[in-house]
Amino acid sequence: MADSVLVETSDRIAVITVNDPDRRNAVTFEMSAALRGAVEAAEADPDVHAVVVTGAGKAFCAGADLAALGTATEDGLRKIYDGFLAVAHCALPTIAAVNGAAVGAGLNLALAADVRIAGPTALFDPRFQKLGIHPGGGATWMLQRAVGPEVARAALLFGMRFDADAAVRHGLALSIADDPVAAARELAAGPASAPREVVLATKASMRATANPGVIDSDQHRAAVDIELGPQARSIESPVFAARLAAGRK
């Protein structure tokens with residue numbers, strides 16, 4: 001099996017690609033662990049000043065692997081979350097180059113980045129409710145932070161999806177680019193050309209001043225914990241079991 005995550009580093013920018021295009025880059029335990037490892041390696045490399053995350057093939061990330069999700073306990077869910085939480089908590093500036101569909105946990109991966117650039121075929125789709133499961137991984141907090149409470153509720157409670165134009169209109173993506181990775185690299189050239197210690201300190205200050213007295217990563221961890229129990233219970237429900245079985249046919 002090919003590496004589930006690829007890393008290319010040049011010009012002080014690490015491009016991390018989730019790499020299972022035949023399965024639309026669905027998140028497995030292996031991929032999640034590899035993604036965390038790639039992010040941590042970038043943080044530890046003094047020659048990396050910014051991180052770009054994208055998907056191989058036509059999809060960005062089609063969400064959690066349903067087989068892994070269907071057998072997940074709370075510990076298993078945390079393993080699925082691990083990769084995109086590493087992106088969310090990364091000390092370096094992060095950009096998601098959303099080249100195609102970002103669904104469920106794939107939407108979480110996109111939301112985990114500081115900035116999102118959408119390709120022409122990008123689709124941001126929560127999908128949790130359609131599958132009969134509760135959002136997880138801090139999705140309720142991340143989406144409200146990105147687009148505000150009303151639009152987040154339209155997405156998570158009413159199933160609203162966002163194509164590239166809608167994503168930009170609602171503030172879910174910064175811009176649309178025919179080549180979102182190239183556009184992300186162009187944007188990342190800013191921190192790449194700045195002193196690394198200034199880049200790190202600026203991101204840390206923005207986290208601290210977004211809600212003075214509370215670091216945003218602490219808020220995210222609280223959201224993960226709040227969602228975890230309801231999500232685990234929803235996975236055990238007959239509704240999700242039926243939809244999982246239907247998806248395997």
Side-chain angles (χ1 to χ4, degrees), residues 12-14 16 35-36 39-40 42-44 48-54 60-61 78 81-98 102 105-118 122 124 126 128 135-157 160 162 166-175 180 183-184 186-228 231:
R12 298 181 175 178
I13 302 164
I16 299 174
L35 181 55
R36 171 168 286 281
V39 172
E40 290 179 345
E43 288 181 298
V48 174
H49 291 206
V51 172
V52 174
V53 180
T54 193
F60 177 72
C61 176
R78 289 190 185 275
Y81 303 161
D82 202 38
F84 64 74
L85 289 180
V87 176
H89 300 154
C90 183
L92 296 166
T94 55
I95 305 169
V98 184
L107 175 59
N108 283 355
L109 176 57
L111 287 168
D114 295 315
V115 171
R116 288 155 291 284
I117 295 176
F124 300 81
F128 296 107
T140 57
W141 177 77
M142 288 192 292
L143 197 54
Q144 290 187 88
R145 179 185 61 168
V147 299
E150 183 175 36
V151 177
R153 289 172 184 176
L156 293 174
L157 297 176
M160 180 177 176
F162 308 84
V168 172
R169 188 166 65 251
H170 291 292
L172 185 54
L174 178 69
S175 60
E186 184 177 352
L187 185 63
S193 65
R196 193 174 195 261
E197 62 272 17
V198 172
V199 172
L200 293 169
T202 301
K203 180 164 179 176
S205 293
M206 293 190 74
R207 282 177 160 167
T209 58
N211 185 6
V214 181
I215 303 297
D216 68 354
S217 56
D218 294 335
Q219 293 177 292
H220 194 171
R221 289 186 182 96
V224 169
D225 291 341
I226 289 168
E227 294 169 357
L228 188 61
Q231 188 182 42

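- When all heavy atoms are compared, the tightest approach of Leu92 to Ala42 is CD1-O, 3.7 Å.
- Applying the 6.0 Å contact sphere to CD of Glu186 captures no more than 12 heavy atoms from other residues, nucleotides or ligands.
- Although no hydrogens or angles enter the test, the distance criterion places a donor-acceptor pair under 3.5 Å between the side chain of Ser193 and the main chain of Gly190.
- To the nearest 0.5 Å, atom CZ of residue Phe162 and atom CG of residue Leu172 are 6.0 Å apart.
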Next item on the list: Decide yes or no on side-chain contact (heavy atoms from CB on, under 4.5 Å) for Leu35 and Leu109, but give the supporting numbers first.
Entry: CA-CA 10 Å; Leu35 181 55; Leu109 176 57; 3.8 Å; yes
Note to self: Run the side-chain contact (heavy atoms from CB on, under 4.5 Å) test on Met160 and His170 for me, step by step, so that the C-alpha distance in whole Å, both residues' side-chain angles and the decisive distance to 0.1 Å come before the verdict.
What the structure shows: CA-CA 12 Å; Met160 180 177 176; His170 291 292; 3.4 Å; yes
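- Note that CZ of Arg12 and CZ of Arg196 are 10.0 Å apart. Values are rounded to the nearest 0.5 Å.
- In this structure, Ala139 and Phe128 approach most closely via the heavy-atom pair CB-CE1, 4.0 Å.
- Contact annotation: the side chain of Val51 never approaches that of Ile95 to less than 4.5 Å [non-hydrogen atoms, C-beta and beyond].
- The side chain to side chain contact (heavy atoms under 4.5 Å, CB included) with Thr94 is formed by just one residue from the set Arg116, Lys203, His89; it is Lys203.
- Taking CZ from Arg153 and CD from Gln144, the interatomic distance works out to 6.0 Å, rounded to the nearest 0.5 Å.
- Contact between Phe60 and Ala97 at its shortest, heavy atoms only, is CD1-O, 3.5 Å.
- Asp216 is listed as a side-chain neighbour of Trp141, based on a closest heavy-atom distance under 4.5 Å.
- At least one side-chain heavy atom of His220 sits under 4.5 Å from a side-chain heavy atom of Leu85.
- Pro180 approaches Ile117 most closely through the heavy-atom pair CB-O, 3.9 Å.
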Next item on the list: Please report the C-alpha distance between Asp225 and Arg78 in whole Å, then the side-chain angles of each, then the deciding distance to 0.1 Å, and finally whether the salt bridge (Lys or Arg N to Asp or Glu O under 4.0 Å) criterion is met.
Entry: CA-CA 10 Å; Asp225 291 341; Arg78 289 190 185 275; 2.8 Å; yes
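- Contact record, Gly171 with Val147: C-CG1, 4.4 Å, taken as the closest heavy-atom pair.
- With values rounded to the nearest 0.5 angstrom, Ser217 atom OG is found 5.5 Å from Arg207 atom CZ.
- Using modelled atom types, one finds no donor on one side chain facing an acceptor on the other under 3.5 Å when comparing Glu227 with Tyr81.
- The heavy-atom pair separating Gly137 from Asn108 by the smallest distance is CA-ND2, 4.1 Å.
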Next item on the list: Give the C-alpha distance, both sets of side-chain angles, the deciding distance and a yes or no for side-chain contact (heavy atoms from CB on, under 4.5 Å) between Leu156 and Thr140.
Entry: CA-CA 8 Å; Leu156 293 174; Thr140 57; 3.9 Å; yes
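- Atom CG of Leu157 sits about 11.5 Å away from atom CD of Glu150, to the nearest 0.5 Å.
- Between the Glu43 side chain and the Ala91 main chain, a donor and an acceptor come within less than 3.5 Å of each other.
- One distance of note links OG1 of Thr54 with CD1 of Ile16; it measures 11.0 Å at 0.5 Å rounding.
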